[in-house]
Colleague: 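So that we are looking at the same thing, I have put the structure below in structure tokens.
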There are 2 protein chains.
Amino acid sequence: MKTINLTTQRQAVYDVVREAEDHPTAADVMNRLVERGHSFAYGTVYNSLRYLTDKEMIRELKLGETASRYDARTDDHQHIVCEVCGKVGEVMTPMPEEWLAKVAEETGYEVHEAHIVVEGVCAECRSKRKR
Amino acid sequence: MKTINLTTQRQAVYDVVREAEDHPTAADVMNRLVERGHSFAYGTVYNSLRYLTDKEMIRELKLGETASRYDARTDDHQHIVCEVCGKVGEVMTPMPEEWLAKVAEETGYEVHEAHIVVEGVCAECRSKRKR
DNA sequence: TTTCAATTTAGAATAAGTATAAATCTATTT
DNA sequence: AAATAGATTTATACTTATTCTAAATTGAAA
């Protein structure tokens, strides 16, 4: 089933995520939809986010906060979160294949993928702190 | 402040986590306490888990499920989750330092740590599937 | 234009965890 | 031992994020 049915609502949700500079939560998406003059049901936004995630048009990120975030970049990459301001950055440096191979060997699992959340302090917060 | 005040409740919660073979959620801990004849308030279990986590006697794991899990192993390690049965295994193979260094360079963040959740299929589920 | 499935809506329900205020426990001082 | 103070526990209310439900709407196909 590769058919993708983009209703008005789904398209609008997709646009918000695609045009976001950050990694918005469902609530963020909701707010931005309202700013754009939409008023969809709360459930519809969640449904749309799930639909788009299923179709792999966006990715759902679970970064250890209470709410999921969404990302329109679907290529393989990881994330880094600033412990001070919460800003989320993309990590494109690929995880070495041999680490995954070793993990497979160690655990006996067939390894599919790794979700990595790096924690640290962003440059901005670092310079503020030094003061 | 290194003083650790282990009340009856905290000790009992700690015992449950320490003696667990798996990675129990707060609800799991609650049930096991009841099995052992305790009946603590729900909030106390959460408080105790947080206290023990703060004192670094246990670790809180956020593996992308809705509920946190707890682990009495506090040494540096990662986790692997079976996509089929949900079983959580320990990953002791250390993350290559140079990957973290590259991430720091790429992002401009001061990198503190990485939480990794590997997904795959455990040996048991794999052999069942082959049938 | 009738029909059927898919979708949206509004609102209720759920799950995990936090907050609160009163009660209880613990240690120390009198 | 009685009094005090601080920490902890309890019961319960609340919050937040998300899912579920049933009715209404939409849209494509016959």
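A note on names: the letters A, B, ... follow the listed sequences, proteins ahead of strands, and every chain is numbered from 1. In this text, all values refer to a predicted model and were calculated from it rather than measured experimentally.
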Colleague: For A/Phe40 and D/dA24, what is the distance between atoms CZ and P respectively, to the nearest whole Å?
Modeller: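 It is 22 Å, rounded to the nearest whole Å.
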Colleague: Is there a residue in residues 13-23 of chain A whose heavy atoms reach under 4.0 Å of DNA chain D, and which residues are they?
Modeller: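 DNA chain D contact set from residues 13-23 of chain A: none.
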Colleague: Tell me: CG of B/Leu33 to C1' of D/dT9, nearest whole Å?
Modeller: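 So the CG-C1' distance, B/Leu33 to D/dT9, works out to 14 Å.
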Colleague: Check side chain to side chain donor-acceptor pair (under 3.5 Å) between A/Thr44 and all other residues, then give those that pass, not counting sequence neighbours.
Modeller: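 Once residues adjacent in sequence are excluded, A/Thr44 has no partner under the side chain to side chain donor-acceptor pair (under 3.5 Å) criterion.
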Colleague: Would one find a side-chain N or O of A/Thr44 under 4.0 angstrom from OP1 or OP2 of C/dT9?
Modeller: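 Answer is yes, contact under 4.0 Å.
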Colleague: Can you name the side chain to side chain donor-acceptor pair (under 3.5 Å) partners of A/Thr107, sequence neighbours left out?
Modeller: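 Checked A/Thr107 against side chain to side chain donor-acceptor pair (under 3.5 Å); zero matches.
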Colleague: Atom CG of A/Leu6 and atom C1' of C/dA6: how far apart are they, to the nearest Å?
Modeller: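 From A/Leu6 CG to C/dA6 C1': 14 Å.
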Colleague: Would you please name every residue forming a side chain to side chain contact (heavy atoms under 4.5 Å, CB included) with B/Val16, sequence neighbours left out?
Modeller: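 Residues passing side chain to side chain contact (heavy atoms under 4.5 Å, CB included) with B/Val16: B/Val29, B/Arg32, B/Leu33, B/Arg36.
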Colleague: Checking A/Tyr46 now: which residues fulfil ring pair (Phe, Tyr, Trp, His ring centres under 6.0 Å) with it, not counting sequence neighbours?
Modeller: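 Ring pair (Phe, Tyr, Trp, His ring centres under 6.0 Å) check on A/Tyr46 returns A/Tyr42.
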Colleague: Regarding B/Thr93 and A/Glu106, do their side chains bring together a donor and an acceptor under 3.5 Å, going by distance alone?
Modeller: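 Their side chains do contain a donor-acceptor pair, which is all the 3.5 Å distance test asks for.
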Colleague: Per the ring-ring contact (aromatic ring centres under 6.0 Å, His included) rule, what does the pair list look like for residues 17-39 of chain B, sequence neighbours excluded?
Modeller: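 Applying ring-ring contact (aromatic ring centres under 6.0 Å, His included) to every pair that reaches into residues 17-39 of chain B, excluding sequence neighbours, yields B/His23-B/His79, B/His38-B/Phe40.
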Colleague: Report yes if at least one side-chain N or O of B/Gln9 is closer than 4.0 Å to OP1 or OP2 of C/dC25; otherwise report no.
Modeller: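 Answer is no, no contact under 4.0 Å.
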Colleague: Go through the structure and list residues passing salt bridge (charged side-chain N to carboxylate O under 4.0 Å, His left out) with A/Asp15, not counting sequence neighbours.
Modeller: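 For A/Asp15 the salt bridge (charged side-chain N to carboxylate O under 4.0 Å, His left out) partners, ignoring immediate neighbours, are A/Arg18.
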Colleague: Looking only at the side chain of A/Ala41 (C-beta and beyond, no hydrogens), which of the listed nucleotides C/dA10, D/dA11, C/dT7 gets closest?
Modeller: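 Per side-chain heavy atoms of A/Ala41, the pick is C/dA10.
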Colleague: Expressed as a whole number of angstroms, how long is the span from A/Leu63:CG to D/dA17:P?
Modeller: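 From A/Leu63 CG to D/dA17 P: 14 Å.
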Colleague: Please report the distance, rounded to the nearest Å, between OH in A/Tyr51 and P in D/dT19.
Modeller: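 It is 17 Å, rounded to the nearest whole Å.
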Colleague: Return the value, rounded to whole Å, for the distance between atom CG of B/Asn5 and atom C1' of D/dT9.
Modeller: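 From B/Asn5 CG to D/dT9 C1': 12 Å.
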Colleague: Do any pairs count as a salt bridge (Lys or Arg N to Asp or Glu O under 4.0 Å) and have a residue in residues 77-97 of chain B, sequence neighbours left out, and if so which ones?
Modeller: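 Residue pairs with at least one partner in residues 77-97 of chain B: B/Lys87-B/Glu124.
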Colleague: For A/Met30 and C/dT9, give me the distance from atom CE to atom P, rounded to whole Å.
Modeller: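 Roughly 9 Å, once rounded to whole Å.
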Colleague: Is NZ or CZ of B/Arg10 both nearer than 6.0 Å to the six-membered ring centre of B/Tyr51 and within 45° of the ring axis?
Modeller: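 Yes.
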Colleague: Could I get a table of every N or O pair under 3.5 Å where one atom is in the protein and the other is in nucleotides 14-24 of chain C?
Modeller:
| unit_1 | atom_1 | unit_2 | atom_2 | d |
| --- | --- | --- | --- | --- |
| C/dG17 | OP1 | B/Ser68 | N | 3.0 |
| C/dG17 | OP2 | B/Tyr46 | OH | 2.7 |

Colleague: List in chain and number order the residues that pass side chain to side chain donor-acceptor pair (under 3.5 Å) with A/Glu105, two or more places apart in sequence or in another chain; answer none if no residue qualifies.
Modeller: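 Side chain to side chain donor-acceptor pair (under 3.5 Å) list for A/Glu105, sorted by chain: empty.
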Colleague: If the condition is salt bridge (charged side-chain N to carboxylate O under 4.0 Å, His left out), which residues does A/Arg50 pass it with, not counting sequence neighbours?
Modeller: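 None.
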Colleague: Identify each atom pair where a protein N or O and an N or O of nucleotides 25-28 of chain D are less than 3.5 Å apart, giving names and distance.
Modeller:
none

Colleague: Can you tell me how far P of C/dC25 sits from CZ of B/Arg10, to the nearest Å?
Modeller: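 Computing the B/Arg10:CZ to C/dC25:P distance gives 16 Å.
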